[in-house]
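Report on the following structure.
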Amino acid sequence: MTSSEIGTGRPRGRAPFLEQRTGFPETASPAVEPARVRQDAGLAPLAGNGLVRAADGRAYQLGRNENPFPPPASVINAIVRAAAEAHRYPDAPCEALSAELARRFGVSSDRIVVGGGSIALIHALLEATTEPGATVVYSWPSFDGYPLLADLAGFRSVRVPLAEDGHDFPALAAAVDEQTRLVLVCNPNNPTGEAASDDDLRRFLDSAPPTCPVLLDEAYCEYARDPGLGVRLLASYPNLIVARTFSKAYGLAGLRVGYLIADRSLISRVRRLVMPGSVNDVSQAAAIASLEAEAELLDRVRRTVTERERVRAALLALGFDVPPSETNFLWLPLGSRSQAFAATCAAAGINVRTYADEGVRVTIGAAQDNNVFLAAAEHHGWMRAARTLTP
Ligand SMILES: Cc1ncc(COP(=O)(O)O)c(C=O)c1O
């Protein structure tokens, strides 16, 4: 197999004219109504996850896996300096950031594409690999962006239920067939938090067809025990694509910067679908400054991990089932009790992410916000106990 064969389920000749000029595919994505797509995907409508407030107006955002720390002073200074040049067009291909990432990961910069958040790049990857009748395989529950983006790109989703302790890799491998054009592996997994090991991933990649691209979505890898896992595997698997983001550990969710690292032929196909200039110079400067401030940011990651373990221990002591997490959030597999638990949180102004009849995901925030959450969880436990005792 040559590297140019990877993910070439559809013969792609010359790109249509509009695509060549703008980087956008000429065929419009099917018109979809987001609420319908979410329902088709088995997800609660987004409206139910809007910001809730307690009666006294307090609100705690623990539903979006954001970093509770604002950017460090050096990053804010870089943002201000770049903003002073806002009358200039940006470095459209993000050459400076791509070069810096390439240097750090020891790959050539033509193996990296930077875009407006990893979600935009996952979308571009799906658009680059789709064809009529194509399927995309991923575990479920997993990142709720996957079914939406798969629908937009015209893929049929094949969802493989998670095993008790994470991805069911033998079942994922068995779900890959001749229609499969892409596999998405969220590691660590959102919303359940567990991370696959080096051995698990190698066994899976060894069993998957080498011509089928596999995306390893590492949005939360900095919070995991083995943050270098995906990049390490790239050397052995040319069909592997690693997605990373500056939104989580680097705390730049609002500035929209993510990147993919992969084989250069796949990267060049994705680049054609990424709008030039979609990452502006303010965002690029912030990302570069964040890499320079990495020691400070990784120290904050360590504090979040310590806080995560404190919150998990407190929840376990309250009698909740909470699987170990290698992310900045915890998963409570509450099943049919999820909505009631989320309602208790909402009454206290705490925003969590509810997966109807499956569970609730809570982001690790600042210690005082986590304490408000723990108080609500304890209150919920008391209320349940009181109801059980009521004759
Ligand atoms: C697993 C996963 N992948 C990708 C994303 C998208 O991140 P962003 O577009 O901010 O880089 C998220 C966001 O929450 C996520 O949880």
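Numbers here simply count residues along the sequence, with the first being 1. Counting starts at 1 for both ligands and their atoms, following the listed order.
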Is the ring centre of Phe320 less than 6.0 Å from the ring centre of Phe341? yes
When you measure from atom 9 (O) of ligand 1 to every protein heavy atom, which one gives the shortest distance, and what is it? Arg256 NH2, 2.7 Å
Just checking, any donor-acceptor pair under 3.5 angstrom between side chains of Asp177 and Thr180? yes
Checking a contact table here: which protein heavy atom is nearest atom 2 (C) of ligand 1, and how many Å away? Asp217 OD2, 3.5 Å
Would Tyr220 count as a contact residue for ligand 1, given that I'm defining contact as a non-hydrogen atom of the residue lying under 4.0 Å from a ligand atom? yes
What atoms of ligand 1 come closer than 4.0 angstrom to any heavy atom of Gly117? 9 (O), 11 (O)
Shortest protein heavy-atom distance from atom 7 (O) of ligand 1, along with the residue and atom involved: Ser118 OG, 3.3 Å
Nearest to atom 1 (C) of ligand 1 by heavy atom, Cys186, Ala243, Gly254: which? Cys186
Can you tell if the side chain of Leu126 reaches within under 4.5 Å of the side chain of Val136, non-hydrogen atoms only? yes
Any Ile241 side-chain heavy atom under 4.5 Å of Val270 side chain: no
Closest approach of Glu294 to Arg104 (non-hydrogen atoms, all atoms of both residues): OE1-NH1, 2.8 Å
Would you check whether Asn65 has a nitrogen or oxygen atom less than 3.5 angstrom from a nitrogen or oxygen atom of ligand 1? no
Note, Trp331 side chain near Ser325 side chain (heavy atom, < 4.5 Å): no
If you scan protein heavy atoms around atom 10 (O) of ligand 1, the nearest is Ser247 OG, 2.6 Å
As a test of understanding, state which of Pro147, Ser157, Pro161 forms a side chain to side chain contact (heavy atoms under 4.5 Å, CB included) with Trp140. Pro147
Considering only non-hydrogen protein atoms, determine which one is nearest to atom 14 (O) of ligand 1 and report residue, atom name and distance to 0.1 Å. Lys248 NZ, 2.8 Å
Measuring from non-hydrogen atoms of Gly258 to any atom of ligand 1, is the shortest distance under 4.0 Å? no
